[in-house]
Amino acid sequence: MIGWIVGLILLGIALLGTPLFIVLGGGALFAFLRQGISSSAVITEMSRLASSSILIAIPMFTFAGYLFAESKTPERLVRLTSSMFGWIPGSLALVAMVACAIFTAFTGGSGVTIVAMGGLLMPALMREGFNQRYSLGLLTTSGSLGFLFPPSLPLILYSYVASQSVSGLVLPAGSAPEIDRLFLAGLIPGIFLIAVLSAYAMRESGGKSKTRRVPFREGLKDILPSLKSAAWEVPLPFIILGGIYGGKMTVTEAATVTAIYALIVEVAIYRDIPWRKVPAIAAESMTLVGAILMILGAAFGLTNFLIDAEVPGKILDWVRGFITNRYSFLFALNILLLIVGSLMEIFSAMIVVPLIIPIALEYDVNLVHLGIIFLTNLEIGFLTPPFGLNLFISSFRFGRPVTEVYRAALPFLLVLLLALMVVTYWPDMSLWLPRIAGTP
Amino acid sequence: MTPEPKLPLEGLHPGAMFLATLAAGVAVGILIHALLVRRFGDDRIDRWTRAGEGILFSLFLAVMLLLSFAQVLLRNFFNSGVLWFDPVVRTLVLWIAFLGALVATSYARHLHVDVVRRMLPERTRQRVGRLLSLLCAGVCAWMSNGAYIYLREEYLHGTRPFLGIPTWVNQSILLWGFILLTYRFMIQVIWPARVEGPA
């Protein structure tokens with residue numbers, strides 16, 4: 001009873017705008033107190049922030065992301081994409097989405113895409129005659145489109161957390177959630193999401209676009225110069241992927257290389273950023289990292305309590321009562337993850353992975369497919385009112401009230417929900433590529 | 001067998017005693033802050049703080065980047081590595097987390113939900129904001145107490161995971177971090193942040 005009351009109070013203060021790490025941490029402190037466990041237990045869990053190598057990738061990718069954001073990379077990326085797609089009517093919407101997806105993948109999905117690309121794309125979209133609400137919705141949606149493409153940090157974290165929780169179990173062939181397999185599995189669903197959204201966007205913008213489209217030939221002519229101007233940025237994904245797939249680098253090392261590479265390219269080669277601005281960028285990016293890691297640390301504390309209290313087992317027992325087959329499980333999973341995605345940002349959302357995996361195994365769901373469902377769902381959850389993270393970032397970035405962003409993102413949300421159904425109920429869409437690539 | 005080590009602040013017990021000391025410390029801190037603001041003005045204090053943050057973050061990041069990049073080179077080209085690089089970098093992640101959290105506090109940039117608050121009228125919003133900051137300060141004070149207990153335990157264990165630095169030193173940011181967070185949130189109670197959200 002007291003637990004419920006405290007839970008409600010916590011929800012209330014969360015709604016009123018208390019920092020989420022205080023809500024999670026306070027919840028954990030209280031839960032431990034009731035069990036008569038010292039408050040140092042929460043701190044012990046927080047100290048785990050210093051125990052995992054994979055977490056080093058978070059500051060690295062975020063720093064690189066802010067460097068790209070502060071430089072002229074977004075311009076070069078948009079120029080390159082529009083030289084390729086400019087001949088399609090209403091193509092700026094497509095260009096915006098593709099450029100955002102690439103940028104998200106570049107920066108490991110650390111949440112800077114809207115901040116970085118928004119300032120450039122918003123005025124461009126408005127100039128092309130897209131109305132403000134529509135542009136707002138589009139950019140809010142694009143903020144997490146790259147989650148499924150390598151070297152997305154969320155995909156890496158999923159693989160890490162999932163592998164931990166199945167270690168020692170014998171999995172069916174092709175089901176082990178290894179990162180190289182997940183990277184391959186995410187490609188087709190990721191492209192599919194962009195295709196569906198672009199089809200919708202272009203239909204919407206059909207007659208409205210004011211400016212003439214770039215003729216095919218003219219666009220073609222610009223491909224080479226725009227490639228040349230982005231000559232230092234284009235190789236980065238190949239270096240990272242080549243390094244990881246070639247077995248030369250771990251993911252953390254790839255993150256380090258990305259950060260160093262970004263620093264050298266943007267500051268020393270392109271000189272987009274003067275040296276004296278670097279400390280400010282470091283401070284700016286590390287503030288975000290601090291906010292993310294504090295939530296992760298506090299969430300460790302709370303998860304630890306939940307596992308101590310055997311919550312996963314209880315959920316499984318409860319779920320067995322009304323979920324009878326795989327399809328009803330997948331449906332319930334979709335709903336649950338949408339809620340999770342709308343409540344948390346991606347790194348805290350990882351705390352539900354160990355809770356879901358035992359159930360997914362029970363219903364014979366491939367864990368690689370589960371990872372793709374998980375991330376697609378979170379991507380949509382971030383757009384789900386009232387708490388979806390993208391909605392808030394977008395509201396900050398564009399200085400619009402969050403309620404306006406809700407309305408703007410809603411149509412995109414509905415389109416994505418349809419796409420989610422396909423990704424969820426058609427496992428081969430995700431699993432076909434890793435299978436033919438023959439990853440054992 | 002080494003004799004049982006003596007704690008540095010043996011007399012300062014966790015719990016009420018620690019919390020009272022913390023409260024006194026925070027009060028003194030606020031007083032000094034008020035005097036400094038009065039002497040030098042808000043803007044200059046702000047500028048100094050920002051510069052200091054920039055320097056500290058850059059320092060941490062630079063060490064992280066150098067060590068991990070050196071490790072990549074060593075591993076790939078010389079097939080070797082330095083044992084203490086990795087734990088130092090991992091520890092820096094923890095320090096960066098707290099430093100970032102402190103900065104996020106002073107500019108009200110923690111990840112939070114602000115739907116309901118936006119709907120409140122201006123004056124109520126400010127009152128609610130102050131009340132919540134007070135609550136945050138309370139939670140952080142409680143956390144500091146937990147950190148104090150944790151560090152005392154680590155001190156008694158006496159583990160030295162790398163470079164001969166004991167765990168209670170390299171993880172002491174858990175204590176300083178929460179103490180400073182308590183102080184920062186109290187500052188927010190008295191002088192609420194002027195900027196909200198990413199600049």
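Just the heavy atoms: all of them, side chains too, but no hydrogens, waters or symmetry mates, feed the values below. Because the structure is a prediction, the values reported are computed rather than measured. The chains referred to below are lettered A, B, ... by the order of the sequence lines, with proteins before strands, and numbering in each begins at 1.
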For the candidates [options], which exhibits the highest count of non-hydrogen atom pairs separated by less than 4.5 Å from chain A?
{"options": "B:S68, B:A62, B:A104, B:P14", "value": "B:S68"}
{"options": "B:L174, B:L56, B:L66, B:T91", "value": "B:L174"}
{"options": "B:L61, B:I55, B:T167", "value": "B:L61"}

Euclidean distance, [Y] [atom2] relative to [X] [atom1], rounded to 0.5 Å:
{"X": "B:I173", "Y": "A:L49", "atom1": "CD1", "atom2": "CG", "answer": "12.0 Å"}
{"X": "B:I96", "Y": "A:F63", "atom1": "CD1", "atom2": "CZ", "answer": "10.0 Å"}
{"X": "A:T252", "Y": "B:Q71", "atom1": "OG1", "atom2": "CD", "answer": "11.5 Å"}
{"X": "A:I43", "Y": "B:E153", "atom1": "CD1", "atom2": "CD", "answer": "11.0 Å"}
{"X": "A:I13", "Y": "B:L132", "atom1": "CD1", "atom2": "CG", "answer": "7.0 Å"}

Q.
Report which part of A:S47 has an atom under 4.5 Å of a heavy atom belonging to chain B: side chain, backbone, both, or neither.
A.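 Both parts, backbone and side chain.
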**Q.** Flag if over 12 foreign heavy atoms under 6.0 Å of CG, B:L83
**A.** no
Q | More than 12 heavy atoms from other groups under 6.0 Å of CH2 on B:W48 | A |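 Above 12, so yes.
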Contacts table for residues 133-142 of chain B: side-chain donor-acceptor under 3.5 angstrom, sequence neighbours left out:
from: B:S133; atom 1: OG; to: B:G129; atom 2: O; distance (Å): 3.1

At a 4.5 Å cut-off on heavy atoms, which part of [X] comes close to chain A: side chain, backbone, both, or neither?
{"X": "B:Y148", "result": "neither"}
{"X": "B:R75", "result": "side chain"}
{"X": "B:L175", "result": "neither"}
{"X": "B:F185", "result": "side chain"}

4.5 Å side-chain heavy-atom contact, [X] and [Y]:
{"X": "B:R90", "Y": "A:L55", "answer": "no"}
{"X": "B:M64", "Y": "A:M60", "answer": "yes"}
{"X": "A:I56", "Y": "B:D86", "answer": "yes"}
{"X": "B:F98", "Y": "A:L293", "answer": "no"}
{"X": "A:M294", "Y": "B:L102", "answer": "no"}
{"X": "B:M143", "Y": "A:S39", "answer": "no"}

What pair of heavy atoms forms the shortest contact from [X] to [Y], and how long is it?
{"X": "A:M46", "Y": "B:L94", "value": "O-CD1, 3.8 Å"}
{"X": "B:S58", "Y": "A:A282", "value": "OG-CB, 4.0 Å"}
{"X": "A:A259", "Y": "B:L65", "value": "CB-CD2, 3.6 Å"}

Q) If you tally heavy-atom pairs under 4.5 Å against chain B, which of A:G290, A:A50, A:G25 wins? A)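 Among the listed options, the one with the most contacts to chain B is A:A50.
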**Q.** Choice from A:V289, A:I260, A:L29 maximising heavy atom contacts with chain B below 4.5 Å
**A.** A:L29
Q | side chain to side chain contact (heavy atoms under 4.5 Å, CB included) assessment of A:T287 paired with B:F57 | A | CA-CA 9 Å; A:T287 306; B:F57 275 130; 4.3 Å; yes
